[in-house]
Amino acid sequence: MPEGPEIRRAADALAGAVVGKRLQRVFFGLPKLKRYERQLDGSTVESITPHGKALLIRFDAGWTMYSHNQLYGVWMVGKPGERPATSRSLRVELESADAAIRLYSASDISLWPGEEVLQHPFLQRIGPDVLDPALRAQDVLVRLKSAPFQTKRLSALLLDQAFLAGMGNYLRAEVLFVARLDPDLRPADLPAARLRALAKALLAVPQHSYRARGIEPSRRMKAAYTVSGTGAFRFQVFDRAGEPCFECGTLIQRVERDGRRLYVCPHCQGG
DNA sequence: CTTTAAACCTGCTGGC
DNA sequence: TGCCAGCAGGTTTAAA
């Protein structure tokens, strides 16, 4: 369950289902988490919040659950007692009297006493959430101009969770296209106007995707999407190799950067 | 310090 | 039908 917009959509749906509810059943599918079933049974879910692609679920019993879905994790919202038809392995199940949330396949799950969760190595390392409503273009601009980010190639920078958390591979391609930028440039190479355009696109594109309820899943990933990614965000370049650019008609190219596929319009994003 | 490669998590697809 | 390689929107680790 991939990038920031999809994770935030999942968090919204999960929160709507169980925040404020008392848990009547808690199940953990990983041996190391078994002991927390008793700790959390009967507790109330206080909040569910995204931090980049990580999710925090706080319980009034003084515990906080950290989870990261990586590529495969799937959240589902349903009813208590039901057992969805899936071959995936159930990792977490939280049931209240009238709702249930279930996490499948993800293996990066841990429980922390209260706010000690903020000491989690990943949370320590990541930058501001690109979808945080408090994040301003000016903040992003300052970040772009600061070390060590200003000297990194845009292709790498836009995947770096330490720069902006919640960015991912499709957002990288879409942001670079919207800002009309060559992925091999670095912030330090760019004149002020282009930097401002990049800062703006870094906020606008993820927000646009979030408001559109995320991306429409590819066939391959379709089975993974339940709570999130059922939306209407349309790619300009991602997954469009060989198809004409919507702006200039030039054929979109698939290239590789930082070990990941990237799509560019060679005309709009040239030089 | 930067860049690259491989490993790992898991599930689905396509080819033979 | 069955098996296996390949791929995926992520992250970590180690090597170069």
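All of these numbers come straight from a predicted model, not from anything done at the bench. Below, chain A is the first sequence line, B the second, and so on; all start at residue 1. The figures that follow rest on heavy atoms only: side chains count, while hydrogens, waters and symmetry mates do not.
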Among [options], find the nucleotide with the atom closest to the side chain of [X].
{"X": "A:R88", "options": "B:dG11, C:dG9, B:dT10", "answer": "B:dG11"}
{"X": "A:F122", "options": "C:dA8, B:dT3, C:dT12", "answer": "C:dT12"}
{"X": "A:S105", "options": "B:dG11, C:dT12, C:dG9", "answer": "B:dG11"}
{"X": "A:R153", "options": "B:dT3, B:dC12, C:dG9", "answer": "B:dT3"}
{"X": "A:Y72", "options": "B:dT10, C:dG9, B:dG11", "answer": "B:dT10"}
{"X": "A:E6", "options": "C:dG9, B:dT2, B:dC12", "answer": "C:dG9"}

Which whole-number value in Å describes the distance from [X] [atom1] to [N] [atom2]?
{"X": "A:D108", "N": "C:dT13", "atom1": "CG", "atom2": "P", "value": "11 Å"}
{"X": "A:Y263", "N": "C:dA8", "atom1": "OH", "atom2": "C1'", "value": "11 Å"}
{"X": "A:L71", "N": "C:dA8", "atom1": "CG", "atom2": "C1'", "value": "6 Å"}
{"X": "A:H68", "N": "B:dC8", "atom1": "NE2", "atom2": "P", "value": "19 Å"}
{"X": "A:R261", "N": "C:dC7", "atom1": "CZ", "atom2": "P", "value": "11 Å"}
{"X": "A:K53", "N": "C:dA8", "atom1": "NZ", "atom2": "P", "value": "16 Å"}
{"X": "A:N69", "N": "C:dT12", "atom1": "CG", "atom2": "C1'", "value": "17 Å"}
{"X": "A:L55", "N": "C:dT11", "atom1": "CG", "atom2": "C1'", "value": "17 Å"}

### Exam field: side chain A:Q161 to backbone A:G166, donor-acceptor pair closer than 3.5 Å
yes
### Main-chain N/O of A:D41 paired to A:R25 side chain as donor or acceptor, under 3.5 Å
no
### Task
Quick one: label A:R172 by what it contacts on the DNA or RNA (base, sugar-phosphate, nothing), any heavy atom closer than 4.0 Å.
nothing
### Query
Touch check for A:R125, heavy atoms < 4.0 angstrom, all strands: base, sugar-phosphate only, or nothing?
sugar-phosphate
### Message
Does the structure place the NZ or CZ of A:R213 under 6.0 Å from the centre of the six-membered ring of A:Y210, at an angle of no more than 45° from the ring's axis?
### Response
no
### Query
Watson-Crick or G-U wobble partner for C:dG9, using a 3.5 Å limit on both distances?
none
#### Entry: With A:M167, the side chain to side chain contact (heavy atoms under 4.5 Å, CB included) member among A:L159, A:L202, A:V205
A:L202
### Task
Using the C1' atom on both, measure B:dA6 against C:dG6 and round to a whole Å.
16 Å
### Task
With P as the reference atom in both, quote the distance from B:dA7 to C:dA5 in angstrom, rounded to an integer.
15 Å
### Query
Should the pair A:F122 and A:H120 be assigned to parallel (<30°), tilted (30 to 60°) or perpendicular (>60°) ring geometry?
perpendicular
